[in-house]
Amino acid sequence: MATVAKTEGIKAFSATHDWESADYEPTLPVSEMSNPLTRNIDRAPASSIVKMLQACDAQMFQEKSGAAYERLLSDQVAKSLMEVAKRVQLILKNPQDSLIVLSGCGTSGRLAFFITSGFNRELRRLNHSAVCSYIIAGGDRALFSSQEAPEDDPISGALSLKKVSEGKKRVLFIGISCGLSAPFVAGQLDFCLQHPDVYTPVLVGFNPAHQARNEPIPGCTFTFHSVVTKMRELAKMQKAFLINPVLGPEAISGSSRMKGGSATKILLEVVFYAAHAANFSRTPITYNGILQHMRSYGKVLDITYSQTEGIAAVMEAAGRSLQCGRGLCYLSWGFLGLLGLIDASECKPTFGADYKDIQGFVGGGCKELGNKEDDLNLMGAESGIAHIDFLHNVLPCLTDKDTVLLLYSHSDDVDEVANLARRVREKTSNMHAVYHQTDGDTAAQQGEINKLCSSTLNFIWPQATPASMGLQHMWELSTKLVLNAVSTGAHILKGKVYQNYMIDLQVTNSKLYCRAARLLQRLSGHPKSLCEEALLKAIYQVDKLTEDIMTCNLTTHTHTARKVKKVVPLALVCLLTGYSIKEAQSHLEQKPIVREAVEACLQEQTLFSGSL
Ligand code: F1P
C-alpha cells in the first residue's frame, strides 16, 4: 500500500512539472531530458539528494491512465513480457541447438552479464544446461572498466552475435539499449532481422519507439530508428518484441545507469523468473503473475528508501572523501559484489572520475564471477578486483579520509566479512556497511561488524518473499539503488554536477559527444556550430582548428577525447569568456570544483551582458 500512497504523492508533485507534456524539451528523447524534480540537486544537502532520487525512482512505477507513453506497469508491457517469457520457457524445455543471448553496451552490457550469470547459475543448480549467453561491447574488459567507444561499432555487434550463436538453430536475442541508441545493438538487431529463420529479436529500452536515434551510422544503411520501425511491423505477428516503457527522465540527465539500469534488471528478471517457474514448477505464465512480480519491485524502493538518513550519512562520508582527493571502496562478497564493481566503473564516463575515486572489490575476483574471458586480472591495477588486490594495493595507504563500504548479506561467509572489517578498522574508522537479512535470520558476527562500522544500513526483508531467486533479486536491486545514490550523491557533493547535468562527462562515444555539444549549447546559449568548435578545440587542446582536425571523423574525435581531462568544462569556459585553452585551463585549476568554476563564468557573463 505504501507504494501506492507514495506514488500518488509524486504524481501530485510532478503534475506541476510535467515532463510528459509535448512542449517539454521537445527535441529530446525522454532518456536525455532533464528531470524537473532534480533541477536543484547540485545545491541540496545529502538527505534532500536521497529524497530527490527516491522521487525519481518512484516515477518508474507511476500508473497513469491515458498517459502518452507506455509505462513499466502498462498493459502492453506486461503482455510483451508474457510472450518473451513463453519463448524463454520453450528454450528451457528444449535447450538443444537453442540459445538466449543478452547484449548491451556499458551498464546495459554489464547487466546482461549479471542477469545471464544469475540465471545460468540457477539452471546448473537444477542440473539443467545453461542456455544463456551475454555480449558486452568491448568484451569482458568492459565489464568492470569504462569502455565507451565500442558502443559505436555495429559491425562488431553483429559479428559477436554471429560468433556466440554459431551452429544454433533457434536464438532468442535480447538487445538492451536504454536510449534506443547504441549502434552496437542496432547492428545486432539488424543481423537478427536478416536471419529470421534462426533469430527472434527482443529490444529492451526506455524511450517511445518514435524517439529511437535516427542519426546515420557510418558505413550502414540502417539507423537505430529504422531497425525499430521494422521490428514494430514484425511485432504485430509476434516475430519480434519491443519492451520499451518510459521511466521519466533520469535524476542526472542522461545517466541511464540509474533508472534505466534498474528497470532493465526488473524487466528481465521478471521474464526469466516467470519462464523458470513455468518450466520447473509448472506455474503458468499469467498476466497477473507478471504484474504482481513487477509491483513487488516497487516495494523494494520503499524498503530501501525508508533508510534515507542512513543512505545520506554514507553519501556525505563518500562526498568528503572525494572532495579531498581520496576514495570510496566497496568491499563485497558473492554476486552482490558485482553491483559494486558495476557502480564503480560507471563513474568514469558519467563524472569524469578517476578509477581510483570509487573502486569495487569482490571476494576471489573474476574467478568467482564466471565471465567468459579469463585474463581480466592481466590488465593492470584497474582490473585488480579481488580482495587480495585490495589488501595489496589499497589497504596499506588507507586513512580516515577514505570511505569503505562493506556490502554483505547473512548468506555470505560472515566470518570472512568480520575478518576483513577488523583489518580495515585498523586503518580507518570511516567504514560503513550495507547488510541484508531476512526476518529472523541474524548472523552471530553481525554485532561485532556493526560496532566496527560508523554506520550500518540494515535491511530486513520479510520471509514471505517468494522463492529463492526472488529474494536475492530484491537484495540486489536494493543494493544497486543504495550504491547509485551514494556514488551519484558523492560526485554531486564534489561539484561534478551543474543543476542536474553531468558537466564533466567523458566524450568517448558518439552519444556522449552529442550530449556534450548539447550541454554546451544549453549552458552558453551559443549556436550549435560554435559549441562543436569549442568542444573540438578542448579535445585537441588548440585555439584554432586546423584543416586536419576539421576533416577527422567523429571516431577520431572521441578517441582523442579519451586522453584529455575536463573537456566539457574547458570548452564551456572558453565559450563563456573567450579565454584561450591555456587560460581556461589555469582558470579551472584555480577553481578545482567544476560546478563553481562554471558558475563563476556564468555569473560573470550575466553581469557583463547586464552592463551593456
Ligand atoms: C549505454 C551506455 C551507458 C553508459 C554511458 C554510455 O547506453 O554505455 O550504459 O552509462 O551513458 O552509454 P544505452 O545503450 O543503454 O542507452
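Start at 1 and go down the list; that is how both ligands and their atoms are numbered. Just so you know, residue 1 is the first one in the sequence shown, and it goes up from there. Both backbone and side-chain heavy atoms feed into the values below; hydrogens, waters and symmetry mates do not. For clarity, every value in this text was computed on a predicted model and none was experimentally measured.
Of the protein's non-hydrogen atoms, S177 OG, 2.7 Å is the one closest to atom 14 (O) of ligand 1. Given atom 13 (P) of ligand 1, the protein heavy atom at minimum distance is C178 N, 3.4 Å. Nearest non-hydrogen protein atom to atom 6 (C) of ligand 1 is E148 OE1, 3.1 Å. Nearest protein heavy-atom neighbour of atom 15 (O) of ligand 1: S108 OG, 2.6 Å. The nearest heavy-atom contact from the protein to atom 3 (C) of ligand 1 is S256 OG, 3.9 Å. What sits closest to atom 7 (O) of ligand 1 on the protein, heavy atoms only, is K511 NZ, 2.9 Å. Remark: minimum distance from atom 10 (O) of ligand 1 to any protein heavy atom is reached at T107 OG1, 3.8 Å.
Among the candidates E148, E151, R213, R515, the single residue satisfying the side-chain hydrogen bond (donor to acceptor under 3.5 Å, both in side chains) test with S510 is R213. Considering L328, L405, L483 as possible partners of V314, the one that fulfils the side chain to side chain contact (heavy atoms under 4.5 Å, CB included) test is L405.
The closest approach between a heavy atom of S181 and any atom of ligand 1 is below 4.0 Å. Judged by the shortest distance from any of its heavy atoms, E346 lies outside the 4.0 Å radius around the atoms of ligand 1. At least one heavy atom of C105 lies less than 4.0 angstrom from ligand 1.
Classification of R522 and E25 as a salt-bridged pair holds, one side-chain N sitting under 4.0 Å from a carboxylate O. Ion pairing between D504 and K496 holds under the 4.0 Å rule for side-chain N and carboxylate O.
The N/O atoms of G179, backbone and side chain alike, include one that comes under 3.5 Å of an N/O atom in ligand 1. Of the N or O atoms in R257, none lie within a sub-3.5 Å distance of an N or O in ligand 1. Among the atoms of A182, none of the N or O lies under 3.5 angstrom from an N or O of ligand 1.
Counting heavy atoms from C-beta on, the side chains of I174 and L268 come closer than 4.5 Å.
What you find for H491 and A353 is that their closest heavy atoms are NE2-CB, 3.6 Å. Considering all non-hydrogen atoms of both residues, G495 and I503 come closest at O-CD1, 4.3 Å.
At a heavy-atom distance under 4.0 Å, only side-chain atoms of E151, from C-beta outward, approach ligand 1. Neither the backbone nor the side chain of P349 comes within contact range of ligand 1; no heavy atom lies under 4.0 Å.
For ligand 1, the atoms lying closer than 4.0 Å to a non-hydrogen atom of G106 are 8 (O), 9 (O).
For the side chain to side chain donor-acceptor pair (under 3.5 Å) test, residues two or more places apart in sequence or in another chain that qualify with T488 are R257.
Ring geometry for H557 against Y513 counts as parallel: the plane angle stays under 30°, on a 0 to 90° scale with 60° as the upper cut. In this structure, Y199 and F191 have perpendicular ring planes: the angle between them is above 60°, well past the 30° mark.
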